[in-house]
A.B. asks: 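Starting off with a structure, shown below.
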Number of protein chains: 4
Amino acid sequence: MANSKFEYVKDFERPDYLLPNTWLVVRIDGKGFTKLCAKYGFEKPNDKRALDLMNAAAKAVMTDIPDIIVGYGLRIPQDLHPIRQKRVSTFSAYYVHLWSTYFPDMPLAPPLPSFDGRAVCYPSVQNMRDYMSWRQVDCHINNLYNTTFWTLIQQGRMGATEAEEFLKGTLSKDKNEILYSKFHMNYNNEPEIFKKGSVVFRDYELVEPGSDNVAETIDDLAEPLNQSKTQAENDKKRRAKARIVVEHLDVIKDDFWDRRPWLLSNKPGKIPKLT
Amino acid sequence: MANSKFEYVKDFERPDYLLPNTWLVVRIDGKGFTKLCAKYGFEKPNDKRALDLMNAAAKAVMTDIPDIIVGYGLRIPQDLHPIRQKRVSTFSAYYVHLWSTYFPDMPLAPPLPSFDGRAVCYPSVQNMRDYMSWRQVDCHINNLYNTTFWTLIQQGRMGATEAEEFLKGTLSKDKNEILYSKFHMNYNNEPEIFKKGSVVFRDYELVEPGSDNVAETIDDLAEPLNQSKTQAENDKKRRAKARIVVEHLDVIKDDFWDRRPWLLSNKPGKIPKLT
Amino acid sequence: MANSKFEYVKDFERPDYLLPNTWLVVRIDGKGFTKLCAKYGFEKPNDKRALDLMNAAAKAVMTDIPDIIVGYGLRIPQDLHPIRQKRVSTFSAYYVHLWSTYFPDMPLAPPLPSFDGRAVCYPSVQNMRDYMSWRQVDCHINNLYNTTFWTLIQQGRMGATEAEEFLKGTLSKDKNEILYSKFHMNYNNEPEIFKKGSVVFRDYELVEPGSDNVAETIDDLAEPLNQSKTQAENDKKRRAKARIVVEHLDVIKDDFWDRRPWLLSNKPGKIPKLT
Amino acid sequence: MANSKFEYVKDFERPDYLLPNTWLVVRIDGKGFTKLCAKYGFEKPNDKRALDLMNAAAKAVMTDIPDIIVGYGLRIPQDLHPIRQKRVSTFSAYYVHLWSTYFPDMPLAPPLPSFDGRAVCYPSVQNMRDYMSWRQVDCHINNLYNTTFWTLIQQGRMGATEAEEFLKGTLSKDKNEILYSKFHMNYNNEPEIFKKGSVVFRDYELVEPGSDNVAETIDDLAEPLNQSKTQAENDKKRRAKARIVVEHLDVIKDDFWDRRPWLLSNKPGKIPKLT
């Protein structure tokens, strides 16, 4: 309804440029979390409750928004414009809402935690998987560094600058060696959630590698979407029934994707029988 | 730190296009609020607690982020990229955080309220003010319609379809007349918060119209920003001291802007003495 | 070299958003060609010299810019920003430069012909082929209409309005029938250049359908590009040696693409022996 | 006309992001002009014929497109999308078309000269003028360097590397001194076209500084455009009558803009009487 001479201001709006038929990844980053960690005394190098809160918020977002396929990577072929903010905004809302469950003795106080979001379009499955691999490699590198750094401080009684200096130029195997020889710590025995991060997805019955034709799946994706409406409705219902799980798996190797073909095909799998 | 062969995926990122030296307006819209209103039984046509919650969230966001000048309109001449999501995300966080203050007897349950945000750049003061005027005209038109519509239903015992049909083609004066003749209601006496909406801003000492050289102010804005660092620090401190107020004023006429020159100049005014 | 206080103006530049690893299509449209056709008396419905000039300009552009693969569709995985303007600009330059070859008796006079360009990224082979199919279907529909329309005028002595009215609501088979029954014209016998348009590409030895593994080709495309420099140099040389041809073929069916696998693989084929 | 199942490919198009009510600057750069200069033997450091050709092409473009206000800077408040390519494309067309007038004895041969274009939106008059100033400062710095460099080579018999080495770290006054003391050349006496570059604009009667209210002009620009259609038609006619001139003036100082208020107001001035 045109209601005033001021309405011309709408012409200044610009839609986001998100390309159809691509894998849309929304990357969510906490802002000012260094301050936040200090304020609420998060444990170093990893605070299990804080990680659980992040994962619970991610699960809640995926429950609200069935289009999201895996972790923070999502693929939505239709109208993409209003997606970006909503995801980040919904994530922030759940983070604040669920806070008291994970930190019952520490009420939130302003300034509240806040998150930035970036939406990136990946044209091919390979590009999207490489994005996930990039994040997991990054998680590994950071966690190995942080684990060694904080062990040097907490158990080795080094200062922060000293620890930083000590680690300068070290490779992965050096850090493994430091942890093992100095502190009798085997990095491989660290919790998977710290080493691999968390991947969140709908859980269907796993598929034996080889039994699923992945090539066909990729071809299907290349086709413009013309699924019947009924099929889409059925898919939606099956998706709503699926349990959303948080796991700490290797997403770089093919195995993760081969055994969960629904992640690339966007077709819901078989709901596993509970036994 | 370049850490893997996967890092090329960063090249797919695209920054938001926000033009420097413009008035950046971030418009925040609740998504699926029709459902939310029903779920929590918001009063019709206006729920005072829900409006107060929105205003409290807006105030909290402006407290966290001193760059915001007025309401949802903000002007930030430097690096603009990460702003959009953070505003919406922060707003969502406060909305959820403050919910229990305004609805103590109705705990929030998933799906949580969520908000979309749109950032629009306005090159001139006139364009930005026209945007504000557009929103306020819209608020007036909607509120007059809703007030009449719900009065017809709540006091006139009409059904929704009947009321809609009854109002089809009516002008503002017709709706005023319906309210007055049928229900002895003077629309002018309705609360300002319903008729004018809410404008949130930092409060300094008002300036007498005429005493402030607005033209100069506009010219200043046209100048590329080269304020000294100290001056910027001082401004930041004065801004932090200012009280943020929620008012229900006419923002279409010049008076609102003439008496609050700090809104257009982005220079903090004089902190009023408390008496 | 930072050379003055004015240099901040560079921060207002925004790069084009072209997504890597996609098929980049640059669509070039003549502007104001209705006036141009009248000014230089182009024949209706098709002016062979004008079409030949367009094709000659396209060939010249593809000779200058080896990245272009086919017709106006081109795929360039590296830095995409400066491409858009250059293609259109180069096309305009050749169009003007070659004009006198095709219209030796009609010198160009201002205002000169000018062209608009639009760059569109297509994420999958299927999307890109659908774009080509869309253009060819459009060419067919327009040419059948124009041929019938101008035959009604030129041979049927109708006026323009009368012919337009006469054709309103007719289907393809109706237009075919009008041409045949009224004017003893078989549309199928019209020149292929009018019915199919022109496709411009580098010519290598054709491949028997079935002998080439297209699926593999598509997979290759999904891989991030990490060809060795030497290979790239060799490819460039073979591309430079290839003859660029203008043909009037069906690009909708698979056959065109199956027999010319170099179009989708971006790997130059075998230079045919001249016999 | 929706004509086929392929038409969905249109949804992949993205419009350019050009903000309304801003000063649109289209910057045109020759690509590969180093090679071009060598190929056609352009004189060093400045080839007068090549500069004249550029200016003639710019004049021709401004004659075709009355929206362009000055040089390569143009302001068009309405629909901006198709502008970018057309300007560059039209410039290329005229460059090629006019080549033979300026280089009658050197026919153009492929690869033809080609141009890139960048469109940048400037929100304020000050930003736009700073852009122009930036270009003119750049022209000055480059020309002083090139003049000294080539004089060292052509008259001082230095090699290119030697001259480069000789000039490393020199300031403007040093280069002036080198030219004067070694070659008895006063840089101030160099042609204005080399020192200042060329500015192209419509010529109306000059206005005495002080007699025109520039502040009002800027205010007018801030107003949303709602000129009557008749007025717009009249303006268009007056613009078409105005002579387009190429001058070599200082565009950094206020004087240039104060005496030609039509450049900032976008209202055509008074056509000077020919005497």
Side-chain angles (χ1 to χ4, degrees), chain A residues 1 3-10 12-17 25 27-29 31 60 63-65 82-97 99 108 110-123 127-138 141 252, chain B residues 1 3-10 12-17 25 27-29 31 60 63-65 82-97 99 108 110-123 127-138 141 252:
Chain A
M1 170 172 49
N3 59 29
S4 72
K5 65 165 177 165
F6 304 120
E7 211 163 0
Y8 80 94
V9 296
K10 283 204 286 188
F12 289 74
E13 275 189 35
R14 291 297 173 267
D16 281 335
Y17 186 146
V25 169
R27 182 172 166 192
I28 294 176
D29 284 306
K31 300 308 290 180
T63 306
D64 272 20
I65 308 173
I83 285 168
R84 195 189 306 200
Q85 281 79 25
K86 209 168 130 197
R87 265 67 180 146
V88 186
S89 174
T90 305
F91 188 88
S92 291
Y94 277 106
Y95 191 89
V96 167
H97 181 66
W99 176 272
L108 266 183
L112 294 189
S114 90
F115 297 87
D116 260 5
R118 261 169 294 183
V120 188
C121 294
Y122 288 107
N127 294 149
M128 184 274 286
R129 280 193 50 188
D130 285 349
Y131 171 81
M132 299 280 281
S133 301
W134 177 52
R135 300 316 308 144
Q136 196 161 57
V137 167
D138 206 51
I141 290 175
I252 300 173
Chain B
M1 170 172 50
N3 59 28
S4 73
K5 65 165 176 163
F6 304 119
E7 211 163 359
Y8 80 92
V9 297
K10 283 204 286 190
F12 289 74
E13 274 188 38
R14 291 294 173 271
D16 280 334
Y17 186 146
V25 168
R27 183 175 165 188
I28 295 178
D29 284 306
K31 299 310 290 180
T63 307
D64 272 21
I65 307 172
I83 286 167
R84 195 190 309 201
Q85 281 79 24
K86 208 167 133 199
R87 265 68 178 145
V88 187
S89 174
T90 305
F91 188 88
S92 291
Y94 277 105
Y95 191 90
V96 166
H97 182 65
W99 176 274
L108 264 183
L112 294 188
S114 91
F115 296 87
D116 261 6
R118 262 169 292 181
V120 187
C121 295
Y122 289 107
N127 293 149
M128 184 274 283
R129 280 193 49 187
D130 284 348
Y131 171 81
M132 299 281 280
S133 300
W134 177 54
R135 300 318 305 144
Q136 195 162 55
V137 168
D138 208 51
I141 290 176
I252 302 174

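Both backbone and side-chain heavy atoms feed into the values below; hydrogens, waters and symmetry mates do not. Within every chain, numbering begins at 1; the chains are lettered A, B, ... in the order of the sequence lines, protein sequences first and strands thereafter. As the structure is a prediction and not an experimental result, all values here were calculated from the model.
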A.B. asks: Are the side chain of B:Tyr94 and the backbone of A:Pro110 linked by a donor-acceptor contact shorter than 3.5 Å?
C.D. replies: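 Side chain of B:Tyr94 to backbone of A:Pro110, a donor-acceptor pair under 3.5 Å: no, none is there.
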
A.B. asks: Does a side-chain heavy-atom distance below 4.5 Å link B:Val25 with A:Phe12?
C.D. replies: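 In short, these two side chains do not touch, never coming nearer than 4.5 Å.
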
A.B. asks: Does any N or O in the side chain of A:Ser92 come within less than 3.5 Å of the main-chain N or O of B:Ala93, such that one atom is a donor and the other an acceptor?
C.D. replies: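 Looks like no, no N/O pair under 3.5 Å.
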
A.B. asks: Any side-chain heavy atom of A:Phe6 sitting closer than 4.5 Å to one from B:Gln136?
C.D. replies: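 Not in contact.
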
A.B. asks: Could you give the distance from CZ (A:Arg14) to SG (B:Cys121), rounded to the nearest 0.5 Å?
C.D. replies: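 Between atom CZ of A:Arg14 and atom SG of B:Cys121 there are 9.5 Å.
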
A.B. asks: With the side chain counted from C-beta on, respond yes when A:Trp99 and B:His97 share a heavy-atom pair under 4.5 Å apart, and no when they do not.
C.D. replies: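 The answer is no, as the side chains (C-beta and beyond) never meet within the 4.5 Å cut-off.
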
A.B. asks: How far apart are the closest heavy atoms of B:Leu112 and A:Asp64, and which atoms are they?
C.D. replies: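 B:Leu112 and A:Asp64 have their closest heavy atoms at N-OD2, 3.8 Å.
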
A.B. asks: Flag the pair B:Phe91 / A:Ser114 as yes when at least one side-chain heavy-atom distance between them is below 4.5 Å, and no otherwise.
C.D. replies: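 Not touching, per the 4.5 Å side-chain cut-off.
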
A.B. asks: I'd like to check A:Asn127 versus B:Tyr8 (side-chain heavy atoms, cut-off strictly below 4.5 Å). Are they in contact?
C.D. replies: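 A side-chain contact under 4.5 Å exists here.
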
